[in-house]
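Residue numbers begin at 1 in each chain, while the letters A, B, ... track the order of the sequences.
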2 protein chains.
Amino acid sequence: MDAEAIQQCLEGSGLRCTPQRYAVMAFLMEHNRHPTAAEIFEAVNRVDPRSSRATTYNNLRDLVRAGLVREVAVEGRAARFDAKGMRHHHFICDRCGNVEDIQWYDVPRPAAASLGKRILRESELIFRGLCTKCAPRRAARKGVVRVS
Amino acid sequence: MDAEAIQQCLEGSGLRCTPQRYAVMAFLMEHNRHPTAAEIFEAVNRVDPRSSRATTYNNLRDLVRAGLVREVAVEGRAARFDAKGMRHHHFICDRCGNVEDIQWYDVPRPAAASLGKRILRESELIFRGLCTKCAPRRAARKGVVRVS
DNA sequence: CGAAGTTTTTAGATTATATCTAATATGACA
DNA sequence: TGTCATATTAGATATAATCTAAAAACTTCG
């Protein structure tokens with residue numbers, strides 16, 4: 001990934017391109033594995049420049065606010081983060097909590113009547129089940145059902 | 001809501017109908033306002049029988065496992081809970097975090113190729129933006145954009 | 001019934017995740 | 001360079017959820 005591109009991406013959103021912020025953004029753009037804040041913090045700190053935990057969280061919050069990064073809340077687990085590149089949906093594994101990308105396809109908006117006076121910013125389609133790694137160990141077990 | 005119906009609903013899913021568990025389920029069925037665990041705990045404890053925090057969480061976990069209740073993770077906030085009645089989608093307010101129901105409509109499944117060997121259990125459509133209460137205070141402000 | 005096993009509840013401790021604080025450092029720019 | 005806004009930091013704090021170990025409530029079955 002091109003360093004200039006990342007810099008422009010940050011500055012184009014009104015964010016100063018500090019070393020710590022750059023490191024977070026670069027990590028997210030280079031890995032599409034939806035890391036947690038703790039994983040990002042750790043990864044960034046394996047190389048210079050170092051970053052504190054607060055800074056990592058601050059920068060993630062700023063990047064999410066700027067619309068460059070998406071936060072995915074997962075029940076009972078730490079949130080995952082995801083550089084917004086190509087549009088995609090998400091698959092969340094019931095067992096390991098990992099978040100994976102599913103190729104984008106268009107989803108119809110709800111009827112105006114059911115939105116009422118709400119202001120719609122975005123819609124998000126989430127699939128749940130067992131990921132490729134977890135499916136083999138669980139597929140035969142009671143309680144896991146294939147669903148249309 | 002009929003007490004017998006709730007009892008049957010629990011027992012039909014292999015859960016004993018204890019007073020504390022009943023209270024949690026009854027509260028969720030009577031209010032469709034997607035409370036947090038803390039709100040459920042508080043509500044249940046305003047009347048007898050009392051329930052401890054651990055029991056509230058245990059029962060919520062059991063109800064979710066049994067498929068009677070849905071847990072909705074919200075970024076940066078406590079999870080919300082929702083008795084599964086009629087199928088519906090969710091709208092989550094960016095500002096206040098409240099979760100509201102959106103009338104159900106069918107969403108196409110992803111192509112088999114993009115699911116690969118994953119086992120799909122369910123899919124969930126989430127809308128984000130500003131709820132009816134929050135929209136008026138924010139609609140004119142910078143950063144909030146209507147989107148198709 | 002009553003013994004024995006199982007499930008549930010409980011208070012409080014603990015863990016996990018995220019945010020806050022206030023002091024310091026950095027960068028922007030007149 | 002001086003001034004001001006923004007960013008970073010270590011560590012404290014807050015919040016959400018889970019764990020622990022013991023007691024209580026049920027179930028089963030002799």
Practice problem: Go through A:Asn59 and A:Ile40 one step at a time and tell me if the side chain to side chain contact (heavy atoms under 4.5 Å, CB included) criterion holds. | Solution: CA-CA 11 Å; A:Asn59 282 329; A:Ile40 295 166; over 6 Å; no
Self-check item: Interatomic distance where CD belongs to B:Glu11 and P belongs to D:dC26 [whole Å]
Solution: 13 Å
Quiz item: In whole angstrom, what separates B:Arg53's CZ from C:dG12's C1'?
Solution: 8 Å
Quiz item: A:Arg16 side chain: which of D:dC19, D:dA7, D:dA16 is closest?
Solution: D:dA7
Quiz item: Considering heavy-atom distances to DNA chain C, does B:Asn59 or A:Ala79 have its closest nucleotide positioned more toward the 5' end?
Solution: B:Asn59
Quiz item: What nucleotide, of C:dA18, D:dA17, C:dT9, holds the atom closest to the side chain of B:Thr18?
Solution: C:dT9
Quiz item: side-chain hydrogen bond (donor to acceptor under 3.5 Å, both in side chains) with B:Asp101: which of B:His89, B:His34, B:Arg33?
Solution: B:His34
Quiz item: Once you round it to whole Å, what is the distance between P of D:dT8 and OH of A:Tyr22?
Solution: 15 Å
Quiz prompt | Length of the line joining B:Tyr57:OH and D:dA17:C1', which is rounded to integer Å | solution = 5 Å
Quiz prompt | B:Ala54 or B:Pro19, whichever maps to the more 5' nucleotide of DNA chain D | solution = B:Ala54
Quiz item: So, is A:Thr55 near the phosphate of D:dA7, with a side-chain N or O under 4.0 Å from OP1 or OP2?
Solution: no
Self-check item: A:Phe81 six-ring face occupied by A:Arg70 cation (under 6.0 Å, within 45°)
Solution: no
Quiz item: Given atom CD of A:Glu42 and atom P of C:dT17, what is their separation to the nearest angstrom?
Solution: 13 Å
Self-check item: Sugar-phosphate only, base, or nothing, as touched by A:Ser51 at under 4.0 Å among non-hydrogen atoms
Solution: sugar-phosphate
Quiz prompt | Audit row: A:Asn58, A:Arg21, side-chain hydrogen bond (donor to acceptor under 3.5 Å, both in side chains) steps and yes/no | solution = CA-CA 9 Å; A:Asn58 287 343; A:Arg21 186 173 290 150; over 6 Å; no
Exercise. Flag the pair A:Glu124 and A:Arg87 as a salt bridge only when some basic side-chain nitrogen lies within less than 4.0 angstrom of an acidic carboxylate oxygen.
Key: no
Quiz item: If each of A:Arg21 and B:Ala38 is mapped to the nucleotide of DNA chain D with the nearest heavy atom, which maps nearer the 5' terminus, i.e. the 5' end?
Solution: A:Arg21
Quiz item: What is the distance, rounded to the nearest whole Å, between atom CG of A:Asn45 and atom P of D:dA10?
Solution: 9 Å
Exercise. Calculate the interatomic distance between B:Arg61 atom CZ and D:dA16 atom P; express it in whole Å.
Key: 20 Å
Exercise. Describe the nucleic acid contact of A:Arg77 in one word from base, sugar-phosphate, nothing, applying a heavy-atom distance below 4.0 Å.
Key: nothing
Practice problem: Select one nucleotide: of C:dA18, D:dT8, D:dA17, the one nearest the side-chain heavy atoms of A:Asn58. | Solution: D:dT8
Quiz item: Between C:dT26 atom P and A:Gln20 atom CD, what is the distance in whole Å?
Solution: 10 Å
